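This is a predicted model, so every value here is computed, not measured. Here is the naming used below: chain letters follow the sequence lines, and residue numbers restart at 1 for every chain.
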Protein chains: 2
Amino acid sequence: MVVERLPLYLRAISNLTKQGREVISSQDLGAELHTTPAQIRKDLSYFGRFGKQGRGYHAGRLLEELRHILQLDRTWNVTLVGVGRLGKAIISYPGFAPQGFRIVAAFDADSRQVGQLVGGLTVQPMSELERAVREKDVSIAIVAVPATQAQAVIQDLVKLGIRAILNYAPVTPRVPDSVRVKAIDPVLTLQSITYYLRPDGASLAGEEEQDERTPV
Amino acid sequence: MVVERLPLYLRAISNLTKQGREVISSQDLGAELHTTPAQIRKDLSYFGRFGKQGRGYHAGRLLEELRHILQLDRTWNVTLVGVGRLGKAIISYPGFAPQGFRIVAAFDADSRQVGQLVGGLTVQPMSELERAVREKDVSIAIVAVPATQAQAVIQDLVKLGIRAILNYAPVTPRVPDSVRVKAIDPVLTLQSITYYLRPDGASLAGEEEQDERTPV
DNA sequence: CAGCGATTGTGACTGTGGTTACAATCCTCG
DNA sequence: CGAGGATTGTAACCACAGTCACAATCGCTG
Ligand SMILES: NC(=O)c1ccc[n+]([C@@H]2O[C@H](COP(=O)([O-])OP(=O)(O)OC[C@H]3O[C@@H](n4cnc5c(N)ncnc54)[C@H](O)[C@@H]3O)[C@@H](O)[C@H]2O)c1
Ligand SMILES: NC(=O)c1ccc[n+]([C@@H]2O[C@H](COP(=O)([O-])OP(=O)(O)OC[C@H]3O[C@@H](n4cnc5c(N)ncnc54)[C@H](O)[C@@H]3O)[C@@H](O)[C@H]2O)c1
């Protein structure tokens, strides 16, 4: 949970730095991210003491520390499997590289996709996957194949030694515990959002709006 | 947290149903979703008693109940703002409609995008946004504009009465408490994933691997 | 250099989410 | 129709993430 927030902090600090800020307080960060300063201090203190009382955190220093904690002080090679509509948007997304994630190879099972040049990369056939993972030291894969293919593709990736997967397919794949899988699924997200979209903003869940509990 | 899992249950039950299953136990669901049966029972019991001891849950019944809880027993009209590379992939994604999310209008500020036909929708100029939201009863918006524009666009959407936003832009926008915002950001996701990608799988965080706590 | 305002780091507390264990209940089958 | 196996629902328990409050510390200023 903490770890999921650190990238958010990273982004906020980065933004404030670009605005010329040198020193940043937990208040500043809290305001930027819409959370409480205490939360931020607690999170950071979990990894070390980076601030100065009465002053705040030195932006550059904190950036570096967070990058180090998250292992973002290096480059990560990423491979993409499934270069359909979504895959194409992902490849040509310029947001990965500046953060140290380089998509170094893209693969598709469809021969009509193979050979295409997308975002500076030539789409390769699946038969080349193994070599690429090995030679290019890839440890992260982005999966953007149809749901029916996802489990099989992911299984292959795991066999090749991939250690983390960003999965766009609407499935919950089975992987060894050693492999981290994170899913991105807009439908699931929308499906939970609607829960809160009640006319009155009322809640459900067993009528717990009765604050006086009637003892049996 | 519970609410975020329900869509997962929904999907799993739906899958099992398609495989012909009529009755589903918490075990089955747990196996499918890679969680514990107890977790699932607890979650469900929070909203009511849907199962039968010794048997399990009736798939159809449970599906309906979950849909009702999440307010998915209706159609939701959605609008998309920002029809760039990502926006185009989203519009033409066939996964929304079957779950009751209909993208009924798409908007872009760039006149070169306006008028284009994408996935059965004609891209409209921003000036038409207000009318569409009003006339088509849109309460959810998907935002896929550049980061620099996101806050402004979202502010406008909120003013028009949008109650939920699925935000793809890498910013944490400020919105009133009444508006739900969920972000989808693959970079943030990758940035937290790398934390766990240590060679040995070791953890960091103040060396808490010492299980014997030395009392002060 | 003392006093002051600001801000951190953290101990203590709180609440909530998750796990465990089991009584209650149900279906089936002989 | 009774026994047995299966499975739920939940009470009791546990753990931990988040909140609160404050002493400790810092830089600045006069
Ligand atoms: N388009 C979106 O906005 C969107 C959003 C969320 C999730 N998704 C999911 O992402 C995935 C891809 O979506 P899309 O719209 O790009 O679909 P798509 O059909 O356009 O692309 C899928 C690509 O995967 C390739 N493929 C199929 N089987 C393969 C295999 N075994 N190995 C390698 N490549 C294979 C296909 O040739 C195709 O190019 C789907 O699972 C979809 O549900 C898409
Ligand atoms: N492409 C991806 O895979 C991807 C992944 C994650 C996040 N994102 C984010 O999604 C957003 C869009 O990404 P993209 O790759 O589609 O970029 P893009 O530049 O291809 O598309 C952005 C679109 O938004 C339009 N736009 C700009 N300002 C606008 C405004 N004020 N109102 C309405 N429309 C406006 C532009 O005309 C353009 O068509 C960005 O914030 C990006 O960071 C993209």
Under 6.0 Å from the six-membered ring centre of A:F47 and within 45° of its axis: does the NZ or CZ of A:R49 meet both? no
Give the minimum heavy-atom separation between B:L44 and B:F50, together with the two atoms involved. O-CE1, 3.7 Å
When you measure from the side chain of A:Q53, which nucleotide among D:dT19, C:dT19, D:dA24 comes out closest? D:dA24
Identify whether any heavy atom of B:S25 sits under 4.0 Å from a base atom; if not, whether one sits that close to sugar-phosphate; answer base, sugar-phosphate or nothing. sugar-phosphate
Quick one: A:I24 CD1 to D:dC26 P, roughly how many Å, whole number? 20 Å
Looking only at the side chain of A:Y57 (C-beta and beyond, no hydrogens), which of the listed nucleotides D:dG9, C:dG9, D:dT7 gets closest? C:dG9
Taking the basic N atoms (NZ, or NE/NH1/NH2) and the acidic carboxylate oxygens, is any pair closer than 4.0 Å for B:D73 and B:R67? no
Protein-nucleotide distance (B:I40, atom CD1; C:dG17, atom C1'), rounded to Å: 16 Å
Indicate whether the side chain of B:R41 and that of B:S26 have a donor and an acceptor atom separated by less than 3.5 Å. yes
How long is the line joining CE of A:M1 and P of C:dT16, in whole Å? 16 Å
From CG of B:D43 across to C1' of D:dG9 the rounded distance in Å is 13 Å
Rounded to the nearest Å, what distance is computed from the CZ atom of residue A:R49 to the C1' atom of nucleotide C:dT10? 9 Å
For the side chain of A:R41, counting heavy atoms from C-beta on, which of D:dA21, D:dG9, C:dG18 is nearest? D:dA21
Of the options D:dA17, C:dG18, C:dT10, whose atoms approach the side-chain atoms of B:Q39 most closely? C:dG18
Checking contacts here: which listed nucleotide (C:dT19, D:dT10, C:dG17) is nearest the side-chain heavy atoms of B:T36? C:dT19
Whole Å only: how far is the CG atom of B:L62 from the P atom of D:dT7? 15 Å
Starting at the 5' end of DNA chain D and moving along, which residue's nearest nucleotide shows up first, A:R5 or A:K52? A:R5
Once hydrogens and angles are ignored, does a donor-acceptor distance under 3.5 Å link the base of C:dT10 to the side chain of A:K42? no
Basic-acidic side-chain contact under 4.0 Å: B:E32, B:R21: no
Just the rounded figure in Å: distance from C1' of D:dT25 to CZ of A:F50. 18 Å
Do any side-chain nitrogens or oxygens of B:S26 fall under 4.0 Å of OP1 or OP2 in D:dT7? no
Just the rounded figure in Å: distance from C1' of C:dT8 to CZ of A:F47. 17 Å
